[in-house]
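To keep things clear, I will list the structure first and then write my remarks on it.
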Amino acid sequence: MDGVASGEEPHPFDEGLLVLDGELKLEIGGEIVTVSDGEIYIVPANTPHAVTEGSHGTLVIIDQDD
């Protein structure tokens, strides 16, 4: 994560967002969720979400795409 916002997107599967270091600021349903070092956030399938400005560090994205 380099501090730049990403566009909103949904996925047809659950998506795990694991922050190894830094901080992820995720917009979901008009609210900002902050995910910190060592935490994981599961975005439910078909839920629009976006990374907001100021997110930084190392993010591992865990998803299943058949």
Side-chain angles (χ1 to χ4, degrees):
M1 299 175 288
D2 60 4
V4 178
S6 70
E8 186 177 77
E9 60 182 4
H11 304 286
F13 46 79
D14 291 346
E15 180 176 53
L17 302 171
L18 171 63
V19 177
L20 296 182
D21 64 76
E23 185 174 80
L24 168 64
K25 295 180 181 189
L26 192 64
E27 183 175 354
I28 298 180
E31 294 187 31
I32 303 297
V33 174
T34 301
V35 187
S36 300
D37 295 356
E39 295 180 340
I40 188 167
Y41 187 89
I42 307 296
V43 180
N46 302 310
T47 302
H49 58 283
V51 175
T52 65
E53 187 174 321
S55 297
H56 64 280
T58 306
L59 174 67
V60 175
I61 299 172
I62 305 162
D63 58 33
Q64 176 184 355
D65 190 10
D66 294 334

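Atoms considered below: every heavy atom in the structure, side chains included; atoms not considered: hydrogens, waters and symmetry mates.
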For S6 and A50, which heavy atoms make the closest approach, and how far apart are they?
O-CB, 3.5 Å
Is the backbone of G22 close enough, under 3.5 Å, to the side chain of D37 for a donor and an acceptor to pair up by distance?
yes
Just so I know, are the side chains of P10 and T47 near enough to count as touching, which here means a heavy-atom distance under 4.5 Å?
no
Output yes when a side-chain donor or acceptor of T34 lies under 3.5 Å from a complementary backbone atom of K25, and no otherwise.
no
To the nearest 0.5 Å, what is the distance between CG (L20) and CD (E39)?
12.5 Å
Applying side chain to side chain contact (heavy atoms under 4.5 Å, CB included), run through T58 and V19 and close with a yes or a no.
CA-CA 6 Å; T58 306; V19 177; over 6 Å; no
L59 reachable from V35 in the ILVMFWY side-chain graph, under 4.5 Å edges:
yes
Taken to the nearest 0.5 Å, the spacing of E15 CD from I62 CD1 works out to 9.5 Å
Expected output: side-chain H49 to main-chain E8 donor-acceptor under 3.5 Å:
no
Does the S55 side chain pair with the main chain of M1, one donor and one acceptor, at a distance under 3.5 Å?
no
Tell me which one of V43, I32, T52 satisfies side-chain contact (heavy atoms from CB on, under 4.5 Å) with L26.
V43
Any side-chain to backbone donor/acceptor pair from D14 onto A45? Under 3.5 Å, distance only.
yes
Rounded to the nearest 0.5 Å, the CD1 atom of I28 sits from the OH atom of Y41 at a distance of 3.5 Å
